[in-house]
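No experiment lies behind these values; they were computed from the predicted model shown. Computed from heavy atoms alone, side chains included, the values below leave out hydrogens, waters and symmetry copies. Residue numbers begin at 1 in each chain, while the letters A, B, ... track the order of the sequences.
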2 protein chains.
Amino acid sequence: MPARIEDVAAHAGVSTKTVSRVLNGYTNVRAKLRARIESSIHALNYVPNPSARGLAGNRSYLVALVYDNPLAGSSYTMELIVGVLQACKGTPYNAVLHPFEATDDLAAQIDGFVAQHRPDALVLVPPHANNARLLQRLDELDIRYSTISSKLRQSHIDVGFDERRAAAEIVEHLVSLGHRRIGHITGLRGHGAHAWRLSGYRDALRRAGIAYDESLVVAGDFTFPSGVEGAKALLNLRRPPTAIFAANDDMACGVMREAHERGLSIPGDLSVCGFDDTPASLVMSPGLTTVRQPCREIGCLAAESVLQSIRDPALRQQARVPYQLRLRESTAAPGKS
Amino acid sequence: MPARIEDVAAHAGVSTKTVSRVLNGYTNVRAKLRARIESSIHALNYVPNPSARGLAGNRSYLVALVYDNPLAGSSYTMELIVGVLQACKGTPYNAVLHPFEATDDLAAQIDGFVAQHRPDALVLVPPHANNARLLQRLDELDIRYSTISSKLRQSHIDVGFDERRAAAEIVEHLVSLGHRRIGHITGLRGHGAHAWRLSGYRDALRRAGIAYDESLVVAGDFTFPSGVEGAKALLNLRRPPTAIFAANDDMACGVMREAHERGLSIPGDLSVCGFDDTPASLVMSPGLTTVRQPCREIGCLAAESVLQSIRDPALRQQARVPYQLRLRESTAAPGKS
DNA sequence: GTCAAATCTACAAGCGCTGTCAACACAAAG
DNA sequence: CTTTGTGTTGACAGCGCTTGTAGATTTGAC
């Protein structure tokens, strides 16, 4: 039978109330007494019972990660999960996962989920992070939440990185190699990543004094097949691009596949770069030039902030974490094989 | 304020205890009364409070997925998670994740985790599923658990698939294409997957009347770099193999990388096949021939069984789920380009 | 030394549920 | 008609914690 708070109180010679104060981080306990209680906790190997705590305090000690059905992008989600778990470590909080089916009655779904599990806080991943109705419903329910890479310019907690600048940098890398005709396969419309990465692409062209050519930009949806299709469209142009910047790695892999099909060598005949640094980008041959998005840090920060906001409801924070260019073998100067 | 069991009882004109019986699936409630209570539950939109339930019933309604630090194999873990979540859906149970750091004091770690979160059940993934000391400790703590692909022939719940047979099948596929010199890069020693897949390889050779050649089998550790190294060793042989069966996809990707480095075309100069059907195997060029391991079903089944065993502690079950060969473009008859 | 503020104790209530056990209804048996 | 047994239902305590109140004690400032 595990120790109870009562046992700790008796062991330390204090009231249970004071032990409770220590457990919950109240500051009005004298340092000396606090130390004594903490050593009793340690001696008895005491860990508070989460159910009892939750029941009495009307809390669940649960943070839910709300993400899209993970058919695609599993490594992205997985990394976020690792980050969220890291943030929960050492706290009484536990992470639970909630993959939302992408349906219309999202409000109903969130209501059901909240009713059942009563999470104290949510971390929302795109596309849900961009769903204004959802956020509004959460506000109504008075549930704290943070978002990841939300394109909504709202006054809530959000964590992301400067995707526009990162996209610009990777395109500038292509420019610096000598490329002038650079194709772009966009992400799925509606995602912030679609607009930001496209804007970055245009920023880089503008700064390099290269005219924006609409025909070099084709629509993708972040999937491998859409990368293949995008590559087909671009490579079928009368004057095909010498480099293609795909808005994510899966599509970049699609581009590489199509290039191989056509017998084009990479990077000799075509430079390819992606975005996200998924595991696949490392195992591709050649290795894929991409942007490392620090998913773990993002997940960790998003969870930490939202937990902090439980104590301090006024907290509003727009954190931007650093990204890194990963230059690998899929990009080189044009026209040399 | 959400409805409480008391409200439901009042609405249905019964005692709270009877409502509780209905909620917990006790059979000794008359059908008519049960129906009335169920309609009251529905009418009031009642969902029991997990904390209260847990406190009163001395349960946590938590299933923990215990896996290795997810630096590698994130898609495998992710798929298992999806399966476990699926199994929890519609039950009062919730899934929590516990990535174990691979340290020596595993018993201490599990004790700490159990003390803090008090999960009702665990699902163990290799290599932890193979840790006899860990299982013993769980038995001592009287915590239900199930394992996934455990190589321990113990009397507990385990879910997996016939890896040996699957490995044999994929090697037979190579044989049927005309390959006689087939290399194998093994997995990490200690994992069941190491032994089973190697055994399958040998089974296939034996059945094809091909002598087992030790020099064609090199040790890997399931990582991409070890695949590269393994490929180097095999391709440097005086008589290199015409096909390589890597014990997982990551290593197969490493083989493809090395082949590309050497200017060997796949499958023209070298056939490659992997195992697991990770997302990368689909985006590789050419697509990788591999074995689909039904991770979701496995995770789901493992969680379902262990939840069932909470009610029925006598439950022992060794489930084998079906696998599928995925024949893609990385394998072909030898010697034709 | 005095007084207010800060700290601490004791105790009770109660969070929402389930377990225990007793009560009850109803059928079959005597 | 009573007795016994079986199945169904209810009353109530209590799970382990937090919160609140009222009062005791200590502390530090003056």
Side-chain angles (χ1 to χ4, degrees), chain A residues 1-38 40-41 44-62 92-94 114-118 120 310-311, chain B residues 1-38 40-41 44-62 91-94 115-118 120 310-311:
Chain A
M1 221 49 186
R4 292 159 307 155
I5 197 172
E6 201 185 318
D7 304 326
V8 175
H11 186 272
V14 298
S15 72
T16 60
K17 173 92 210 220
T18 305
V19 178
S20 174
R21 284 198 189 94
V22 170
L23 290 175
N24 293 284
Y26 287 74
T27 50
N28 54 343
V29 177
R30 236 167 320 215
K32 201 165 173 179
L33 193 53
R34 172 184 299 274
R36 198 167 86 221
I37 292 170
E38 274 166 355
S40 290
I41 289 174
L44 297 178
N45 229 324
Y46 171 72
V47 185
N49 180 317
S51 296
R53 242 182 156 177
L55 179 59
N58 194 27
R59 262 160 285 159
S60 64
Y61 294 100
L62 254 34
Y93 279 84
N94 218 334
V114 165
Q116 187 175 164
H117 299 293
R118 298 165 212 233
D120 293 337
I310 291 172
R311 289 253 151 142
Chain B
M1 220 51 185
R4 292 159 306 156
I5 197 172
E6 202 185 317
D7 304 326
V8 176
H11 187 272
V14 297
S15 73
T16 59
K17 179 66 213 191
T18 305
V19 177
S20 171
R21 286 199 184 92
V22 171
L23 290 174
N24 292 283
Y26 287 72
T27 50
N28 55 342
V29 176
R30 236 175 315 225
K32 201 165 176 181
L33 194 53
R34 172 184 298 276
R36 198 165 87 220
I37 293 172
E38 273 165 354
S40 292
I41 289 173
L44 297 178
N45 226 326
Y46 170 73
V47 185
N49 180 316
S51 297
R53 247 183 154 175
L55 179 58
N58 193 27
R59 261 162 286 158
S60 63
Y61 293 100
L62 254 35
T91 76
Y93 278 84
N94 217 335
Q116 187 176 163
H117 298 293
R118 298 162 211 238
D120 294 336
I310 292 172
R311 289 253 153 142

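Between A:Tyr46 and D:dG16, a side-chain N or O to OP1/OP2 separation shorter than 4.0 Å is absent.
Under the ring-ring contact (aromatic ring centres under 6.0 Å, His included) criterion, A:His117 pairs with A:Phe113, not counting sequence neighbours.
Between A:Leu55 and B:Ser51, the shortest heavy-atom distance links the atoms N-CB, 3.7 Å. Closest heavy-atom contact between A:Ala9 and A:Ser15: CB-C, 3.8 Å. Among all heavy-atom pairs drawn from B:Tyr46 and B:Leu23, the shortest one is CE2-CD1, 3.7 Å.
Note: CG (A:Asn49) to C1' (D:dG14) measures 14 Å, nearest angstrom.
Counting non-hydrogen atoms under 4.0 angstrom, A:Arg118 reaches nothing in the nucleic acid. When heavy atoms are screened at a 4.0 angstrom cut-off, B:Arg59 is found touching the sugar-phosphate backbone but no base atom. Looking at heavy-atom distances under 4.0 Å, B:Tyr61 makes no contact with the nucleic acid at all.
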>> For a side chain to side chain contact (heavy atoms under 4.5 Å, CB included) check, start with the C-alpha distance between A:Ile37 and A:Arg34, then their side-chain angles and the critical distance, and finish with the verdict.
In response: CA-CA 5 Å; A:Ile37 292 170; A:Arg34 172 184 299 274; 5.9 Å; no
> Would B:Arg36 and B:Val14 count as a side chain to side chain contact (heavy atoms under 4.5 Å, CB included) if you check the C-alpha gap in whole Å, the side-chain angles of each, and the deciding distance to 0.1 Å?
Replying inline: CA-CA 10 Å; B:Arg36 198 165 87 220; B:Val14 297; 3.6 Å; yes
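Of the residues in residues 2-13 of chain B, none lies under 4.0 Å from DNA chain D by heavy-atom distance. Taking a 4.0 Å limit (strictly below) on heavy-atom distances, residues 17-24 of chain A reaches DNA chain D at A:Lys17, A:Ser20, A:Asn24.
First and last contacts of DNA chain C with chain B, using any nucleotide atom under 4.0 Å from a protein heavy atom and ordered 5' to 3', fall at C:dG16 to C:dT20.
Using a 4.5 Å heavy-atom cutoff, the side chains of A:Asp7 and A:Arg4 are in contact. Looking at B:Val8 and B:His11, their side chains never come closer than 4.5 Å, going by heavy atoms from C-beta outward. Between A:Ser20 and A:Ile5 the shortest side-chain heavy-atom distance falls below 4.5 Å. B:Val22 is not listed as a side-chain neighbour of B:Leu33, based on a closest heavy-atom distance of 4.5 Å or more.
End-to-end axis angle of the helix from C:dG1-D:dC30 to C:dG30-D:dC1, using five pairs per end and rounding to 10°, comes to 30°.
More than 12 heavy-atom neighbours from other residues, nucleotides or ligands sit within 6.0 angstrom of CD on B:Gln116.
For the pair B:Ser60 (side chain) and B:Arg118 (backbone), a donor-acceptor distance under 3.5 Å is present. At least one donor-acceptor pair closer than 3.5 Å links the side chain of A:Asp120 to the backbone N or O of A:Tyr61. A donor-acceptor pair under 3.5 Å is absent between the side-chain atoms of B:Asn24 and the main chain of B:Tyr26, judged by distance alone.
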Dump every N/O contact between nucleotides 6-8 of chain D and the protein below 3.5 Å, one line per pair.
{"residue": "D:dT8", "atom": "O3'", "partner": "B:Arg30", "partner atom": "NH2", "Å": "3.2"}

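For the atom pair CZ (A:Arg21) and NZ (A:Lys17), the distance works out to 5.0 Å, reported to the nearest 0.5 Å.
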